[in-house]
Amino acid sequence: MLEAITGPWPWYVTGPLLGLMVPILMFAGNKHFGVSTSLQHICAATIKPKTKYFQYDWKKQAWSLVFVAGTIIGGILAVTLFGADSSPALSEGGRGLFASWGMEDPAQLQPAEIFAITGGNVVRPLLSLGLGGFLVGFGARYAGGCTSGHAIMGTSLLNPGSYVATISFLVGGFAVSNLIVPLIMSL
Amino acid sequence: MALLKYLIIGIYFGIVLVKGEVVSWYRIQEMFHLQSPYMYLVIGSAVVVGIITVLLVKTFALKSFGGEELNLKGKPFNKIGNTAGGVIFGFGWALAGACPGPMYALIGAGYWSILIAVFFALLGALVYGYLKPMLPH
């Protein structure tokens, strides 16, 4: 019984539990599931930029900041109580792919090749997490949403723009994952 | 106190993201290299739950627990914004191996280097805010 919680979850557990974010937020407070607007609110609340995009009462959107604070706490509980952070249940093909990039066999959720910055290669973390993070923040706000707001919430509403955005996410992701990521891993 | 429920919902979200390995760089690359159906099935089944929710809300005119009429209006369709912004987001998703939700959850999971991604994501949102009036949407 405990093994079902601490062991790896199959897609038919993870997916529906993730999809429940839609009804939970709707019924709890008439809110639409979405994460990347929090980036805008954090800028508006902290450095208060003098441009129209950040000139609004962020306190009215405080729920979004409380929600992402909860997401951080959820990350703590997942690794402490639920036995996450073991070697991910990847496919044989996936493991072969990472081995062909000269990577160690996956032992944690994230690769040391990118996440170990002390004493390691700083170019890989800067390109992956630095440039990648910038493009995620910029792109999500330009697109008006991210994987949660468009690919799950917007598609659930059958919103045309969200389908266009979701397909665009995949197009950009396929291109960079296949053409650029192997180059970064070879650095 | 009214905000406490969002903290609990966020905790639930973070647990599912980390436990379901959705936060893993490996899972994202595996998805974009078509080496596993896992992420497609996760996102696909999540969308099915969402679509069923919206159908039920429409059919039975369901209201929020607070008795409010539920907002079912999607975000506006911006041809260039959704496409160009979407592709740029996809570039970053593949590079970092994480999107915004997982970035937050990974802070909690103790992968401190993700703070680099969070910092730059905030910078990206900031730069977008300044460039917005000049960008086509």
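Per chain, numbering begins at 1; letters A, B, ... match sequence-line order. This structure is a prediction, so every number in the text was calculated from the model and none was measured.
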Which atoms of [X] come close to chain A, meaning under 4.5 Å heavy atom to heavy atom: side chain ones, backbone ones, both, or neither?
{"X": "B:Lys75", "result": "both"}
{"X": "B:Ser64", "result": "both"}
{"X": "B:Asn78", "result": "neither"}
{"X": "B:Ile52", "result": "neither"}
{"X": "B:Val57", "result": "side chain"}
{"X": "B:Phe119", "result": "neither"}
{"X": "B:Ala2", "result": "neither"}
{"X": "B:Met103", "result": "side chain"}

Nearest-0.5 Å distance, [atom1] of residue [X] to [atom2] of residue [Y]:
{"X": "B:Ile9", "Y": "A:Trp63", "atom1": "CD1", "atom2": "CH2", "result": "8.5 Å"}
{"X": "A:Phe82", "Y": "B:Lys19", "atom1": "CZ", "atom2": "NZ", "result": "8.5 Å"}
{"X": "B:Leu135", "Y": "A:Phe138", "atom1": "CG", "atom2": "CZ", "result": "5.0 Å"}
{"X": "A:Ile117", "Y": "B:Ile116", "atom1": "CD1", "atom2": "CD1", "result": "4.0 Å"}
{"X": "A:Thr147", "Y": "B:Ile28", "atom1": "OG1", "atom2": "CD1", "result": "8.0 Å"}
{"X": "A:Leu20", "Y": "B:Thr53", "atom1": "CG", "atom2": "OG1", "result": "7.0 Å"}

Among [options], residue most engaged with chain A (heavy-atom pairs, under 4.5 Å):
{"options": "B:Leu70, B:Leu115, B:Ile107", "answer": "B:Leu70"}
{"options": "B:Trp112, B:Tyr111, B:Tyr12", "answer": "B:Tyr111"}
{"options": "B:Tyr128, B:Phe77, B:Phe120", "answer": "B:Tyr128"}
{"options": "B:Gly66, B:Ala98, B:Ala96", "answer": "B:Ala96"}
{"options": "B:Pro102, B:Gly90, B:Pro133", "answer": "B:Gly90"}
{"options": "B:Ile15, B:Ile114, B:Leu4", "answer": "B:Ile15"}

Which bit of [X] is near chain B, if near means a heavy-atom gap under 4.5 Å: side chain, backbone, both or neither?
{"X": "A:Leu97", "answer": "side chain"}
{"X": "A:Ile167", "answer": "neither"}
{"X": "A:Val181", "answer": "side chain"}
{"X": "A:Met153", "answer": "neither"}
{"X": "A:Ile180", "answer": "side chain"}
{"X": "A:Gln108", "answer": "both"}
{"X": "A:Lys52", "answer": "neither"}
{"X": "A:Thr37", "answer": "neither"}

Side-chain donor or acceptor of [X] paired with backbone N/O of [Y] under 3.5 Å:
{"X": "A:Gln110", "Y": "B:Val23", "answer": "yes"}
{"X": "A:Arg141", "Y": "B:Val127", "answer": "no"}
{"X": "B:Lys132", "Y": "A:Tyr53", "answer": "no"}
{"X": "A:Ser168", "Y": "B:Val87", "answer": "no"}
{"X": "A:Gln40", "Y": "B:Ala125", "answer": "no"}

Fill in: Greater than 12 external heavy atoms within 6.0 Å of B:Lys79's NZ
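Counting neighbours around NZ of B:Lys79, 12 or fewer heavy atoms of other residues, nucleotides or ligands fall under 6.0 Å, so no.
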With under 30° as parallel and over 60° as perpendicular, where do the rings of [X] and [Y] fit, or are they tilted in between?
{"X": "B:Phe89", "Y": "A:Phe169", "answer": "tilted"}
{"X": "B:Trp25", "Y": "A:Phe98", "answer": "tilted"}
{"X": "B:Phe65", "Y": "A:Phe27", "answer": "tilted"}
{"X": "B:Phe13", "Y": "A:Phe67", "answer": "parallel"}

If you tally heavy-atom pairs under 4.5 Å against chain B, which of [options] wins?
{"options": "A:Gly145, A:Pro111, A:Gly149", "answer": "A:Pro111"}
{"options": "A:Val22, A:Leu18, A:Val164, A:Leu109", "answer": "A:Leu109"}
{"options": "A:Gly154, A:Gly144, A:Pro160", "answer": "A:Gly144"}
{"options": "A:Gly130, A:Cys43, A:Ala69", "answer": "A:Gly130"}
{"options": "A:Gly93, A:Pro106, A:Ala78", "answer": "A:Pro106"}
{"options": "A:Val79, A:Leu135, A:Leu158", "answer": "A:Leu135"}

Discussion item. side-chain hydrogen bond (donor to acceptor under 3.5 Å, both in side chains) for B:Tyr104 and A:Ser38? Distances and angles first, verdict last.
Written reply: CA-CA 11 Å; B:Tyr104 289 115; A:Ser38 66; 2.8 Å; yes
Worksheet item: Can you list the steps and then say if A:Leu90 with B:Gln35 is a side chain to side chain contact (heavy atoms under 4.5 Å, CB included)?
Response: CA-CA 9 Å; A:Leu90 303 171; B:Gln35 292 299 325; over 6 Å; no
Discussion item. Quick one about B:Gln29 and A:Ser177 (side-chain donor to acceptor, distance below 3.5 Å, no hydrogens or angles considered), yes or no?
Written reply: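 The criterion, which ignores hydrogens and geometry beyond distance, is satisfied for B:Gln29 and A:Ser177.
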Worksheet item: Among B:Leu72, B:Ile51, B:Asn71, which residue meets the side chain to side chain contact (heavy atoms under 4.5 Å, CB included) test with A:Leu157?
Response: B:Leu72
Fill in: Matching residue for B:Leu95 among A:Ile114, A:Leu129, A:Val136, A:Ile184 - test: side chain to side chain contact (heavy atoms under 4.5 Å, CB included)
A:Ile184
Grab the two heavy atoms, one from [X] and one from [Y], that are nearest each other, plus how far apart they are.
{"X": "A:Val176", "Y": "B:Ala94", "value": "CG1-CB, 3.8 Å"}
{"X": "A:Gly173", "Y": "B:Phe32", "value": "CA-CZ, 3.5 Å"}
{"X": "B:Leu126", "Y": "A:Phe54", "value": "CA-CZ, 3.7 Å"}
{"X": "B:Gly86", "Y": "A:Ala143", "value": "N-CB, 3.6 Å"}

Discussion item. Taking the ring of B:His137 and the ring of A:Tyr142, is the distance between their centroids below 6.0 Å?
Written reply: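 Ring centroids of A:Tyr142 and B:His137 are less than 6.0 Å from each other.
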Worksheet entry | B:Tyr38 ring center near A:Trp11 ring center (under 6.0 Å) | no
Worksheet item: Are any non-hydrogen side-chain atoms of B:Leu34 and A:Phe174 less than 4.5 angstrom apart?
Response: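 Result yes, sub-4.5 Å side-chain heavy-atom pair found.
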